[in-house]
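As structure tokens, the structure follows; a few thoughts come after it.
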Amino acid sequence: MRVQNWNLLKANHMTKSKPRTVDEYIKSAPADSQLKLRELRKILRKVAPNATEAIKWGSPVFEQGRILFAYTAHRSHLNFVPTKPALEPFLDELSEFKMGKDSIQFPYGKPLPKTLIRKIAAFRVKQVQDDDDL
């Protein structure tokens, strides 16, 4: 499944104001990516129910004292950004995905790996909570 009207989205971002809320961010994304954005957001909400959502640097984030994770829509994939230390324990399970320094790419044409996302997100939440307890 390809994201349609990507050029239209880019043109709209140039003429529209930037999204100020996560809902606005999702609504401004191409239709093909909105479903995946909502799906990822739902997973992250369940893992971090006490976190607040915000837009930081143009991306949706979950915060709980500090940023837990972010996510973004791109032309052919979603990026999930839980930080490099949160990804390291899961590198074997992530071997089939394209990764950046702190991020994982999930192509639109494939189902989200929900269980893996939950595990990584839960690890990141615990990591932040443990660090804040010091």
Side-chain angles (χ1 to χ4, degrees):
M1 169 175 30
R2 281 185 34 121
V3 174
Q4 302 297 318
N5 301 322
W6 189 257
N7 289 333
L8 180 61
L9 172 71
K10 287 171 29 180
N12 284 342
H13 277 293
M14 292 178 173
T15 58
K16 285 185 180 180
S17 61
K18 292 182 180 179
R20 292 175 296 166
T21 67
V22 176
D23 288 328
E24 287 177 7
Y25 181 91
I26 292 171
K27 286 177 186 173
S28 73
D32 291 348
S33 65
Q34 289 180 22
L35 179 64
K36 294 286 187 181
L37 286 167
R38 285 189 197 99
E39 191 177 359
L40 181 57
R41 182 184 191 192
K42 183 178 177 181
I43 293 166
L44 299 177
R45 275 183 171 168
K46 284 186 179 182
V47 173
N50 297 322
T52 57
E53 294 180 88
I55 297 289
K56 301 278 183 164
W57 306 283
S59 301
V61 300
F62 279 79
E63 299 177 296
Q64 196 168 312
R66 68 179 108 160
I67 295 174
L68 296 171
F69 20 75
Y71 56 98
T72 54
H74 295 273
R75 178 181 227 163
S76 61
H77 66 276
L78 292 183
N79 259 9
F80 173 46
V81 187
T83 73
K84 184 179 179 179
L87 293 174
E88 288 173 348
F90 304 96
L91 291 178
D92 287 343
E93 293 174 79
L94 291 165
S95 63
E96 70 182 87
F97 299 98
K98 187 171 181 180
M99 296 177 59
K101 179 182 157 203
D102 295 313
S103 64
I104 314 159
Q105 292 183 8
F106 298 124
Y108 292 126
K110 295 183 179 181
L112 287 177
K114 295 176 187 177
T115 302
L116 181 57
I117 292 169
R118 277 188 210 90
K119 289 192 312 187
I120 294 168
F123 183 86
R124 174 68 179 149
V125 169
K126 183 172 178 353
Q127 202 177 40
V128 168
Q129 289 171 340
D130 289 351
D131 284 351
D132 288 346
D133 288 343
L134 299 176

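Note that the structure is predicted; figures quoted are calculated from it, not measured.
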Handout entry: Partner set under ring-ring contact (aromatic ring centres under 6.0 Å, His included) for F69, not counting sequence neighbours
Key = F62, F80

Problem - Hphob cluster co-occupancy, Y71 + F123, side-chain heavy atoms under 4.5 angstrom - result: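 The answer is yes; both residues are in one hydrophobic cluster.
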
Practice task
Tell me whether I26 is reachable from V81 by hopping between hydrophobic residues (I, L, V, M, F, W, Y) whose side-chain heavy atoms are closer than 4.5 Å.
Solution key: no

Can you find a pair of side-chain heavy atoms, one from [X] and one from [Y], that are under 4.5 Å apart?
X    : Y    : answer
R124 : T83  : yes
K119 : F90  : yes
I117 : L112 : yes
E63  : E53  : no
T72  : H77  : no
L87  : P82  : yes
F106 : P111 : no
I120 : L94  : yes

Exercise for the section: Look at E24 together with K18 and state whether they make a salt bridge at an N to O cut-off of under 4.0 Å. Expected result: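 Looking at E24 and K18, the cut-off is not met.
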
Problem - Salt-bridge criterion met for R75 and D32 (N-O under 4.0 Å) - result: no

Enter the distance from [X]:[atom1] to [Y]:[atom2] here, rounded to the nearest 0.5 Å.
X    : Y    : atom1 : atom2 : value
R118 : L116 : CZ    : CG    : 10.5 Å
M99  : N79  : CE    : CG    : 10.5 Å
L78  : L35  : CG    : CG    : 10.0 Å
I104 : E93  : CD1   : CD    : 10.5 Å
N50  : Q129 : CG    : CD    : 8.0 Å
S59  : I67  : OG    : CD1   : 9.0 Å

Problem - CA sep, side-chain torsions, deciding dist, call: D23, R41, side-chain contact (heavy atoms from CB on, under 4.5 Å) - result: CA-CA 10 Å; D23 288 328; R41 182 184 191 192; 2.7 Å; yes

Do you know which two heavy atoms are closest between [X] and [Y], and how far apart they sit?
X   : Y    : result
L44 : A121 : CD2-CB, 3.8 Å
A86 : Q127 : CB-OE1, 3.8 Å
V47 : A122 : CG1-N, 3.4 Å

Practice task
Could you tell me which residues satisfy side-chain contact (heavy atoms from CB on, under 4.5 Å) with I55, sequence neighbours excluded, listed by chain and number?
Solution key: V22, Y25, P60

Any donor-acceptor pair under 3.5 Å from [X] side chain to [Y] backbone:
X    : Y    : answer
K36  : K110 : yes
D102 : K84  : yes
Q34  : A29  : yes

Exercise for the section: Classify the side-chain pair H74/S76 by whether it contains a donor and acceptor separated by less than 3.5 Å. Expected result: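 Checked: H74/S76 side chains show no N/O donor-acceptor pair below 3.5 Å.
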
Practice task
Apply salt bridge (charged side-chain N to carboxylate O under 4.0 Å, His left out) to K42 and list each qualifying residue two or more places apart in sequence or on a separate chain.
Solution key: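 Salt bridge (charged side-chain N to carboxylate O under 4.0 Å, His left out) check on K42 returns nothing, list empty.
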
